[in-house]
Amino acid sequence: MLRIAFRLGLLAAFTSPLTPAVAQGKQDFELVNRTGYQIDEVYVGPVNQSHWGEDVMGKDAIGDGESATITFNGGSNACKWDIRVVYNDGDESEFRSVNLCSISRVTLFWNRKAGETRFVVD
């Protein structure tokens, strides 16, 4: 009985919305859109995984020149994550092995004519 109560207590500690690690994870970041296009979806996934999961964006869209705070439950102490954004025309860009433990802002730049995508971190 004590073992079951202890497990339930641990589960509550890890899933409670008041738990600081869940409310503001060290991997959370500000996403700044300087692409010239609207971003409709943002996905953050473990490095080199094929399944992206659900859209983690904190608002419906991020217009050019706007930013949004991206919060997600990383579920681990991993620092490096892959980021995928989907633009309002369906095009998408991926950014690999972004160290979200050491940065707080990711600024995206996209040159559609040249087909070049890049990001700058702060």
Side-chain angles (χ1 to χ4, degrees):
M1 182 82 151
L2 179 58
R3 182 176 285 167
I4 292 171
F6 179 71
R7 286 182 185 163
L8 289 175
L10 281 177
L11 180 62
F14 286 112
T15 59
S16 170
L18 301 176
T19 303
V22 173
Q24 183 76 27
K26 66 181 177 181
Q27 300 99 342
D28 296 345
F29 62 99
E30 178 184 10
L31 181 64
V32 181
N33 181 4
R34 300 271 186 245
T35 64
Y37 305 93
Q38 178 176 296
I39 296 172
D40 284 347
E41 300 171 25
V42 178
Y43 300 87
V44 181
V47 173
N48 297 321
Q49 294 279 330
S50 59
H51 179 69
W52 285 99
E54 295 184 22
D55 178 8
V56 297
M57 192 164 42
K59 60 190 241 182
D60 293 336
I62 306 171
D64 182 47
E66 295 181 348
S67 63
T69 300
I70 304 299
T71 59
F72 67 100
N73 184 0
S76 72
N77 291 325
C79 289
K80 292 192 177 180
W81 296 84
D82 292 341
I83 300 171
R84 180 176 137 219
V85 297
V86 179
Y87 301 98
N88 63 338
D89 65 356
D91 283 346
E92 51 190 62
S93 297
E94 294 180 4
F95 309 92
R96 300 292 181 171
S97 296
V98 181
N99 187 340
L100 296 179
C101 292
S102 64
I103 62 170
S104 60
R105 181 180 310 156
V106 176
T107 303
L108 303 181
F109 298 91
W110 187 27
N111 182 335
R112 186 180 293 218
K113 286 185 179 181
E116 296 175 352
T117 303
R118 67 182 176 96
F119 66 96
V120 176
V121 296
D122 299 324

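The model shown is predicted, which means the values in this text are computed figures rather than measured ones. Below, each value reflects all heavy atoms present in this structure, side chains not excepted, and no hydrogens, waters or symmetry copies.
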Residues that Tyr37 engages under ring-ring contact (aromatic ring centres under 6.0 Å, His included), provided they are two or more places apart | Trp110
Residues in side chain to side chain donor-acceptor pair (under 3.5 Å) contact with Arg96, at least two apart in sequence or another chain = Asp82, Glu94
Do Ile70 and Phe29 have side chains that get closer than 4.5 Å, going by heavy atoms?
-> yes
Is there a path of hydrophobic side-chain contacts, each under 4.5 Å between heavy atoms of I, L, V, M, F, W or Y residues, that connects Ile39 with Trp81?
-> yes
Roughly how far, to the nearest 0.5 Å, is the CD1 atom of Ile62 from the CG atom of Asn33?
-> 6.5 Å
Shortest non-hydrogen separation from Val47 to Ser97 and the atoms involved = CG1-OG, 3.7 Å
With sequence neighbours excluded, residues passing salt bridge (charged side-chain N to carboxylate O under 4.0 Å, His left out) with Asp91 | Arg112
Between Val121 and Phe95, is there a shared hydrophobic cluster once you connect ILVMFWY residues whose side-chain heavy atoms come closer than 4.5 Å?
-> yes
Hey, could you give me the CD/CD distance between Glu66 and Gln38, rounded to the nearest 0.5 Å?
-> 8.0 Å
Does the side chain of Thr35 come within less than 4.5 Å of Tyr87's, by heavy atoms?
-> yes
Answer whether the closest heavy-atom distance between the side chains of Ile83 and Tyr43 falls below 4.5 Å.
-> no
Can you see which heavy atom on Val98 is nearest to which on Ile103, and at what distance?
-> CG1-CD1, 3.7 Å
Approximate separation, where rounding is to 0.5 Å, of Arg84 CZ and Asp55 CG = 9.5 Å
For Phe109, the hydrophobic cluster (side chain heavy atoms closer than 4.5 Å, chained through members) also holds Val120
What about Phe119 and Val56, same hydrophobic cluster or not, with Ile/Leu/Val/Met/Phe/Trp/Tyr joined at side-chain heavy-atom distances under 4.5 Å?
-> yes
Set of side chain to side chain donor-acceptor pair (under 3.5 Å) partners for Glu30, sequence neighbours left out = Ser67, Arg105
Beyond-backbone contact of Leu100 with Phe72, side-chain heavy atoms, under 4.5 angstrom = yes
In short, disulfide bond (SG atoms under 2.5 Å apart) pairs touching residues 92-122 with sequence neighbours left out are Cys79-Cys101
Rounding to 0.5 Å, atoms OG1 (Thr71) and CE (Met57) come to a distance of 12.0 Å
Partner residues of Asn48 under the side chain to side chain donor-acceptor pair (under 3.5 Å) criterion, sequence neighbours left out | none
